[in-house]
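Down below is the structure, laid out as structure tokens.
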Amino acid sequence: MVRLAGPITWIFQQNQTNELWNVWWIPFLDKAAVKDGNSSKPPCTVTQVEGTKLVLGMLLIWLVTLIPSIIWAQINTLFVKQGTTMDRSLGSSFQIPAASLGSFVTFSMLLSVPMYDRYFVPFMRRKTGNPRGITLLQRLGIGFVIQITAIAIAYAVEVRRMHAIRVHHIMGPKETVPMSIFCLLPQYVLLGIADVFNAIGLLEFFYDQSPEDMQSLGTTFFTSGIGVGNFLNSFLVTVVDKITGRGNGESWIGDNLNDSHLNYYYGFLLVISTLNLGAFLWASSKYVYKRETIEFNEGCIELESKALEISPLGLQV
């Protein structure tokens, strides 16, 4: 255990281990580093085995980030289509483009990032002792919860929009629902705040957890997750539209949103997002972080313990 004397305690939860998880990997990977007397091939190095474990662990986390990528894809797809049916008037002669509300995602991110670094991280650092304030996976989990809240609000807004459609007997695709487009603003803002935890946190996670000689792999995981998420979103919309519109039924996502059931689709997204959050919590409990190291002028020290105390006065081992 490495101990630095002083009043400030840093708790490194990154190096927590899970015995069941490690045992699960042993038969498949650890044997690769053991020399087989019947084989002429040299065994893999421990570094190669540990690097493979890291990549496979990252792959598991990558899989449970695909559903959040589907939610994020709604910003430029169904949210925009939903907005085109609503009252977009600003003044007597100007109409707001429905897609322009996406800029509030960027604005909320720009405001939230400095607040996260300036206030949230120091506050949580005092509470947890973690130098990051919270662990990387905890950051992702908070973002996922905010995303679920955003899609729940989107569902509630759509229920209200459908109620207005029934009250005013609106059926045509070009008819405007007497409901301000700014009712969609909370879901855009929340998704922007969620990206402070999700998008930035995910990029940091993949880059930080990549093997030392494969740092570019982190960017690959991050960008591929966004791409696959957009593909899955298109696939999901197509499948849901065909299934729900079968047999002259009312499609959840038809060309005419005033005669569809978009609220059902948002409810569906809410359910799978909640289930995915459970899967993420399970994967997070099994994930073993890459070993943390701190470099000093005298050399390099590996942190094997969960906690250490830091002081500018000296180092105790």
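Computed over heavy atoms, backbone and side chain alike; hydrogens, waters and symmetry mates excluded.
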Hydrophobic clusters here meaning ILVMFWY residues chained together by side-chain heavy-atom distances under 4.5 Å, can you tell me if [X] and [Y] are in one?
{"X": "L281", "Y": "I146", "result": "yes"}
{"X": "I243", "Y": "Y264", "result": "no"}
{"X": "L111", "Y": "Y188", "result": "no"}
{"X": "Y207", "Y": "V196", "result": "no"}

(message) Could you check whether F221 and F206 have their ring centres less than 6.0 Å apart?
(response)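 Yes - the distance between ring centres of F206 and F221 falls below the 6.0 Å cut-off.
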Looking only at heavy atoms, which two atoms of [X] and [Y] are closest? And how far apart?
{"X": "A283", "Y": "I61", "value": "CB-CD1, 4.1 Å"}
{"X": "A98", "Y": "G83", "value": "CB-C, 3.9 Å"}
{"X": "L262", "Y": "L257", "value": "CD2-CD1, 4.1 Å"}
{"X": "S260", "Y": "M162", "value": "O-CE, 3.0 Å"}
{"X": "I96", "Y": "S100", "value": "CG2-OG, 3.0 Å"}
{"X": "V121", "Y": "R132", "value": "CG1-O, 3.7 Å"}

(message) What I'd like to find out is whether the side chain of L60 reaches to under 4.5 Å of the side chain of W282, using heavy atoms alone.
(response) yes
(request) Show the numbers, then the answer: is there a side-chain contact (heavy atoms from CB on, under 4.5 Å) between L137 and Y287? (result) CA-CA 9 Å; L137 290 177; Y287 186 79; 3.9 Å; yes
(message) Just to verify, which of N233, L269, I253 counts as forming a side chain to side chain contact (heavy atoms under 4.5 Å, CB included) with L78?
(response)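 With L78 as partner, side chain to side chain contact (heavy atoms under 4.5 Å, CB included) holds for just one option, I253.
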(message) Side chains of D87 and T176: any donor to acceptor distance under 3.5 Å?
(response)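 The answer is no; no qualifying pair exists.
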